[in-house]
Undergrad: 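Quick one: this structure, given as C-alpha cells, is what I'll be asking you about.
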Amino acid sequence: MSTAQPSKKLVSCVILDLDGTLLNTDGIVSDVLRVYLGKYGKQWDGREIKKIVGKTPLEAASAVVEDYELSCTTSELLSEITPMFSNQWCNIKALPGANRLIKHLSGHRVPMALASSSPRENIETKISFHQGWKESFSVIIGGDEVRLGKPSPEIFLEVAERLNVNPCSCLVIEDSLPGVTAGKAAGMEVVAVPSIPKQAHLYTSADEVINSLLDLQPEKWGLPPFQDWIKDTLPLEPWHIGGPVVKGFGRGSKVLGIPTANLSTEGYGSLLSEHPSGVYFGWAGLSKRGVFKMVMSIGWNPYFNNTEKTIEPWLLHDFDEDFYGEELRLTIVGYIRPEANFSSLQSLIEKIHHDRKVAEEALDLPLFFKYKDEPYLKSST
C-alpha cells in the first residue's frame, strides 16, 4: 500500500472505543442473548444488534426488554446476564488490526485513550486479557464516569481535558453510530469502522469510513505510517479453513470468466466473522492434486449483493476438470485490500486480475513461500 499524503486535519492523539472497535464483542453478545431469550421462548434476531451497539448496558438491556416484550424488568435482565457476560470476557478476541494499531501508536509515542460506554470496571477486566493494552492508554474512561453516554460528546470532551489537548487535535476511532455522532459533536476527527455489515452508508457524518482496522492509514491524519506492507500486501498471522468444494452461484466462471472454487461455509460462521471482508491470498491444497497459489475474497460481494458472508478462492492454476466434492484446504497468509463496490463488471474483472498479479508475486517471496510446505495443506480428512 502506498503511503497516503495527509488529506485531513492533522491530529496529535487517538481516542479509541473498545467493544466492536478493538474487541470482537458482537459474537459474545449474540451468544449470551440467544441463550437468555431462549428461556423466554424467544429467538434472538441478530439484526437487533443494531439497536444496542454503542449503548450503555442499561440502554441496551432496556431495548431488549422492550423489543422482545419480556416479562422481566431491565434491572432483572441486567442482573441475570451480567454474570453470563463476565464468564465470556476472557474469550473475547482482539479484532484484526487492533494489536497492530496499539503497538504502532504506542511505539511512536502517540498518546492514546480509551472511551467506552461499558462501566470502567468491565473495561479494566476485558483489556486485562490483552497483553500490553492497559499500559498503552494514558486515559481510560467508562460510561459510568460521565453523566451522559454517547451520542453525547461528554465522554470525548472529558478525555481531551484529561489528556490536556484541544478536542480538534484528537482522532476518534469508533464502530457505532452513537460513537461517531459523539466524536463529531466534540469537534474531533472521526474514523468509522462499522461493526455491523452493510451499514457503511449510514456513517455519513464520519470523516472517513473504513472496512476494518487493517485499512487505517494513520498518515492521512499526520500520524506515523505503518511500515509493514510488503509489495502491496499485508502479512498476517496465518489461519486455515477447509472443506469440500461445492457448486457456487455459477457466476465466477460464467459471468466473470474467473473459475473460483466455492467452499461450504457450514460450521465456519464464527471463523468468518473474525475476519473482515476483503481480498486475501495464500496457498490451496487439493488432496489428490497438490498445492497451488490462491487469491480469495471473503465477504458479501457488493457487486452481486450477497446476503451471506461467503468465501471464494481462485486457485491460480489451469485445471482440466472440475473438482466438486474434493477436500480443499486453505492457508491464508496475507491481505491485499478491502471489499469494494464496482460501477461496472469490467472494472470488477480488471481489479480481480490485478489481485491475482499481486498475490502471484507476493507468494514467491520467502516470507510467504515457506507456508507452501505446511502439512495441513497436504492432508485430507
Side-chain angles (χ1 to χ4, degrees), residues 1 93 96-97 100 211-212 214-215 228-248 252-253 256-299 301 309-339 349 351-381:
M1 180 178 281
K93 293 186 175 171
R100 171 183 179 243
N211 185 55
S212 78
L214 299 177
D215 304 311
D228 49 0
W229 284 80
I230 297 166
K231 285 200 167 182
D232 294 331
T233 68
L234 178 63
L236 298 175
E237 190 65 38
W239 57 279
H240 307 95
I241 190 167
V245 177
V246 293
K247 284 206 176 209
S253 45
L256 303 175
I258 292 161
T260 54
N262 285 270
L263 261 189
S264 166
T265 50
E266 213 173 308
Y268 284 114
S270 65
L271 176 62
L272 286 182
S273 77
E274 287 173 26
H275 297 282
S277 57
V279 177
Y280 297 80
F281 66 98
W283 297 99
L286 281 165
S287 47
K288 302 187 177 83
R289 300 167 194 266
V291 176
F292 307 94
K293 290 179 175 180
M294 170 280 296
V295 64
M296 71 177 206
S297 69
I298 292 181
N301 204 321
K309 216 172 191 186
T310 58
I311 180 163
E312 295 188 30
W314 179 17
L315 277 58
L316 306 180
H317 178 82
D318 293 327
F319 293 94
D320 298 333
E321 55 189 346
D322 288 332
F323 37 85
Y324 294 126
E326 283 188 41
E327 178 79 12
L328 175 63
R329 296 197 159 198
L330 307 175
T331 295
I332 294 90
V333 299
Y335 173 75
I336 296 176
R337 63 173 175 87
E339 203 172 29
I349 292 168
K351 193 66 176 168
I352 294 173
H353 280 283
H354 180 258
D355 295 335
R356 171 182 184 149
K357 185 170 176 287
V358 169
E360 283 193 314
E361 288 178 9
L363 286 164
D364 285 333
L365 299 171
L367 172 71
F368 299 124
F369 189 79
K370 64 184 179 189
Y371 294 108
K372 186 180 182 180
D373 293 327
E374 272 200 328
Y376 172 82
L377 292 167
K378 299 183 167 71
S379 54
S380 63
T381 51

Undergrad: Can you measure from NE2 (H353) to CH2 (W314) and round to the nearest 0.5 angstrom?
TA: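 If I round to the nearest 0.5 Å, the distance is 4.5 Å.
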
Undergrad: Give me the atom names and distance for the closest heavy-atom approach of T233 to A362.
TA: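 T233 and A362 have their closest heavy atoms at CG2-CB, 3.8 Å.
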
Undergrad: Would you find more than 12 non-hydrogen atoms of other residues, nucleotides or ligands less than 6.0 Å from H317 atom NE2?
TA: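 Yes, because the 6.0 Å sphere around NE2 of H317 holds more than 12 heavy atoms from other groups.
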
Undergrad: Please find the pair of heavy atoms, one from S277 and one from N211, that lie closest to each other, and give the distance.
TA: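 Closest approach of S277 to N211: O-ND2, 2.7 Å.
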
Undergrad: Among pairs that include at least one residue of residues 275-291, which meet salt bridge (Lys or Arg N to Asp or Glu O under 4.0 Å), considering only residues two or more places apart or in two chains?
TA: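 Salt bridge (Lys or Arg N to Asp or Glu O under 4.0 Å) check on residues 275-291 returns R289-E321, R289-E326.
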
Undergrad: Counting N and O atoms only, with roles assigned by atom type, does the side chain of D228 sit under 3.5 Å from a partner on the main chain of P235, one being a donor and the other an acceptor?
TA: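 No: the side chain of D228 does not pair with the backbone of P235.
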
Undergrad: To check you understand the geometry: which heavy-atom pair defines the closest contact between P96 and H275, and what is its length?
TA: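 Closest approach of P96 to H275: CG-CA, 4.4 Å.
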
Undergrad: Before giving the answer on side-chain contact (heavy atoms from CB on, under 4.5 Å), spell out for E274 and K93 the whole-Å C-alpha distance, their side-chain angles and the decisive distance to 0.1 Å.
TA: CA-CA 8 Å; E274 287 173 26; K93 293 186 175 171; 3.2 Å; yes

Undergrad: Taking salt bridge (charged side-chain N to carboxylate O under 4.0 Å, His left out) as the definition, give me every residue that meets it alongside K351, ordered by chain and number, with sequence neighbours left out.
TA: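 Expected list: none.
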
Undergrad: Could you tell me the separation between the OG atom of S297 and the CZ atom of R337, rounded to the nearest 0.5 Å?
TA: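 Spacing of OG (S297) from CZ (R337) equals 8.5 Å.
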
Undergrad: Check step by step if side-chain contact (heavy atoms from CB on, under 4.5 Å) holds for L234 and L214.
TA: CA-CA 8 Å; L234 178 63; L214 299 177; 3.8 Å; yes

Undergrad: Considering only heavy atoms from C-beta outward, does the side chain of P313 approach that of V295 to under 4.5 Å?
TA: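 A side-chain contact is absent here, since even the closest heavy-atom pair is not under 4.5 Å.
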
Undergrad: Please name the pair of heavy atoms, one in L330 and one in Y376, separated by the smallest distance, quoted to 0.1 Å.
TA: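 Scanning both residues, the minimum pair turns out to be O-CE2, 3.6 Å.
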
Undergrad: How long is the straight-line distance from CG of L236 back to OH of Y335, given to the nearest 0.5 Å?
TA: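 Nearest 0.5 Å value for the OH-CG distance: 9.0 Å.
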
Undergrad: Hey, does the side chain of T310 reach the backbone of G299 with a donor-acceptor pair shorter than 3.5 angstrom?
TA: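 Checking the backbone N and O of G299 against the side chain of T310, a donor-acceptor pair under 3.5 Å is found.
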
Undergrad: State whether K378 and D373 are salt-bridged, where the test is any N-O pair (Lys NZ or Arg NE/NH1/NH2 against Asp/Glu carboxylate O) under 4.0 Å.
TA: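 Result for this pair is yes, salt bridge flagged.
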
Undergrad: Which pair of non-hydrogen atoms, one from M294 and one from A359, has the smallest distance, and what is that distance?
TA: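 Minimum heavy-atom contact is O-CB, 4.5 Å.
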
Undergrad: Would you indicate whether the side-chain heavy atoms of L315 and L286 approach each other to under 4.5 Å?
TA: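 Heavy-atom side-chain distance check passes, below 4.5 Å.
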
Undergrad: The criterion is side chain to side chain contact (heavy atoms under 4.5 Å, CB included); which residues satisfy it with K293, sequence neighbours excluded?
TA: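 K293: side chain to side chain contact (heavy atoms under 4.5 Å, CB included) contacts with W283, L316, E360, L363, D364.
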
Undergrad: Atom CG of L328 and atom OG of S287: how far apart are they, to the nearest 0.5 Å?
TA: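 With rounding to 0.5 Å, CG (L328) is 9.0 Å from OG (S287).
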
Undergrad: Does atom CZ of F319 have more than 12 heavy-atom neighbours from other groups under 6.0 Å away?
TA: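 Yes, CZ of F319 has more than 12 neighbouring heavy atoms, counting only those of other groups under 6.0 Å.
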
Undergrad: How far does CD1 of I298 sit from CD1 of I241, to the nearest 0.5 angstrom?
TA: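 Result: 7.0 Å between the selected atoms.
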
Undergrad: With sequence neighbours excluded, what pairs up with L365 under the side chain to side chain contact (heavy atoms under 4.5 Å, CB included) test?
TA: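 With sequence neighbours excluded, L365 shows a side chain to side chain contact (heavy atoms under 4.5 Å, CB included) to I230, K231, F368, given in chain and number order.
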
Undergrad: If the condition is ring-ring contact (aromatic ring centres under 6.0 Å, His included), which residues does Y371 pass it with, not counting sequence neighbours?
TA: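 By the ring-ring contact (aromatic ring centres under 6.0 Å, His included) rule, Y371 matches no residue at all.
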
Undergrad: Can you name the nearest heavy-atom pair linking M296 to I332, along with the distance?
TA: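 Smallest heavy-atom distance, with atoms named: CE-CG1, 3.3 Å.
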
Undergrad: Hydrogens and angles aside, do T331 and E374 bring a side-chain donor and acceptor to less than 3.5 Å of each other?
TA: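 Short answer, yes.
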
Undergrad: Going by salt bridge (charged side-chain N to carboxylate O under 4.0 Å, His left out), name the residues that satisfy it together with D318, two or more places apart in sequence or in a different chain.
TA: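 D318 satisfies salt bridge (charged side-chain N to carboxylate O under 4.0 Å, His left out) with no other residue.
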
